[in-house]
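Read the numbers this way: they start at 1 and go in the same order the structure lists the ligands and their atoms.
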Amino acid sequence: MSSLPACFQAKFCLAFAALLVLSATPATATNYDETKVGDYQLPDPLVCNDGSRVTKAETWFNKRRPEILEAYSAEIFGRSPDAGTNVTFNAWEIATNALGGTAVRKQIEINFSGTPDGPFAHLLLYTPAGKTSAPTFLCLQFNGNYTVIDDPAIAIFPSWNGKNGALALPKNPVRGEFARNWKIPETIARGFGIAVIDYREIEPDLPNGAGFKFGVHKNFPPPAADGWGAIGAWAWGASRALDYLATDKDVDMQRVILFGHSRLGKTALWAGAQDTRFAAVIANCSGEMGASLSRRDYGETVDDVAKHFPYWMCGNFQKYAGHWTNLPVDSHSLLSLIAPRPLFLNTGSEDRWGDPHGEFLAALAATPVYALLGKTGITETNFPPLDHALQHDIGFNCHTGTHDVLPTDWDIFLDFADAYFAQKN
Ligand code: GCU
């Protein structure tokens with residue numbers, strides 16, 4: 001654990017400060033040394049709060065799973081409101097001849113309040129031309145929709161700048177600027193639809209939770225200590241986008257795969273945990289409070305998230321800073337909430353902050369839950385070679401490279417999706 005014991009913090013802090021600087025790396029420094037990870041014990045996802053062991057799928061679904069969900073709701077991400085009936089959708093553009101005739105493009109305005117005050121988000125959806133009921137990726141993303149592919153018909157909207165907190169039209173928008181991260185034509189060619197939504201439109205990601213005033217939080221009472229933080233808000237928005245997809249005949253509601261990278265990987269896991277209509281989840285480099293184990297002291301820690309991104313989480317989360325072992329769950333518990341649905345974790349060899357090994361170990365620790373439900377989690381005991389995807393019901397890959405989504409990652413995601421949801425018609 002990275003924080004100093006309480007007595008050090010209080011009485012002896014000043015006296016020891018000089019010594020710490022001189023002698024060694026301060027205990028609060030980020031650990032990147034495997035030999036210093038320390039021992040830890042994970043809560044058993046198959047042991048109920050009353051100490052009884054789960055041996056039947058029924059007990060998992062009726063008792064243990066709700067306990068874990070409750071722990072995440074009360075202590076970590078906070079409780080989200082119900083779906084609500086006020087959300088409205090306006091598919092204002094339908095083009096049947098998009099991407100050189102290979103796709104149908106739709107642009108849909110989501111009004112999260114159904115009133116002129118919004119907030120509004122814009123969903124961009126491509127589905128394969130001439131097909132209905134396509135398996136579809138729903139992707140949370142960081143930028144305007146015009147960046148995911150060079151398609152001049154994509155509308156450009158004002159967006160929130162996380163650095164200066166301003167809402168403005170992009171100054172020099174570059175269409176398709178991040179197309180390499182998405183591979184949309186290939187996705188369509190393989191029979192999948194793909195929908196993207198800019199997470200900042202659900203709620204701007206502004207320091208100290210300043211975005212709550214402008215995003216979906218604004219339509220609800222201020223959150224209590226167990227109320228939803230920004231990750232809860234983005235996850236709720238993903239479910240509302242799924243509500244739209246459920247109405248679209250070109251999308252197969254039984255085969256929607258939720259994707260997110262980094263903080264949006266955490267979001268995808270939390271959305272998939274709460275909303276079992278998502279048929280599968282892919283979390284890319286989701287790291288701390290995503291897929292990597294919190295009790296493992298490597299890379300980013302609970303303390304870092306609590307300090308730098310308190311508004312992502314619920315108020316109660318703060319009490320675990322410096323007290324990780326008190327967490328009622330760990331990331332393997334979050335992964336187990338996706339079971340028995342397919343789950344893929346992608347990581348990067350240079351993403352030490354995100355702790356790829358911690359994600360692998362969490363996948364391994366979630367495996368007994370998948371096994372209980374008749375699925376195959378991780379069968380390998382050792383971290384796989386780089387760029388060698390494990391394609392099980394819990395899939396895992398560590399690409400050579402940074403905290404990113406690589407074009408080669410999409411090939412792996414498509415293989416993963418194909419194994420479960422290949423286009424039938
Ligand atoms: C920071 C944060 C991570 C997060 C990442 C991102 O690095 O510490 O937890 O995953 O931002 O979302 O880009």
Problem - Any donor-acceptor N or O pair under 3.5 Å, side chains Glu201, His122 - result: yes
Problem - Salt-bridge present (Asp404, Arg180; N to O < 4.0 Å) - result: yes
Practice task
Verify the distance criterion only: is there a donor paired with an acceptor across the side chains of Asp297 and Asn31 at less than 3.5 Å?
Solution key: no
Problem - Any donor-acceptor N/O pair, Arg255 side chain to Ala417 backbone, under 3.5 Å - result: no
Practice task
For ligand 1, note which part of Met289 has a heavy atom under 4.0 Å away: side chain, backbone, both or neither.
Solution key: neither
Problem - His403, Glu300, His308: member with heavy atom nearest to atom 3 (C) of ligand 1 - result: Glu300
Problem - N or O contact, Ser262 vs ligand 1, cut-off under 3.5 Å - result: yes
Handout entry: Min N/O separation Trp312 to ligand 1 under 3.5 Å
Key = no
Practice task
Measure the distances from the heavy atoms of His261 to every atom of ligand 1 and state whether one is below 4.0 angstrom.
Solution key: no
Fill in the blank from the handout: heavy-atom search around atom 7 (O) of ligand 1 in the protein gives Trp353 NE1, 3.1 Å
Problem - Counterpart residues, side-chain contact (heavy atoms from CB on, under 4.5 Å), relative to Ala291 (two or more places apart) - result: Leu269, Ser286, Leu335, Leu345, Glu359
Problem - Under 3.5 Å side-chain donor-acceptor pair for Ser349 and His399 - result: no
Exercise for the section: For atom 11 (O) of ligand 1, grab the closest protein heavy atom and report residue, atom and distance to one decimal in Å. Expected result: Arg263 NH2, 3.1 Å
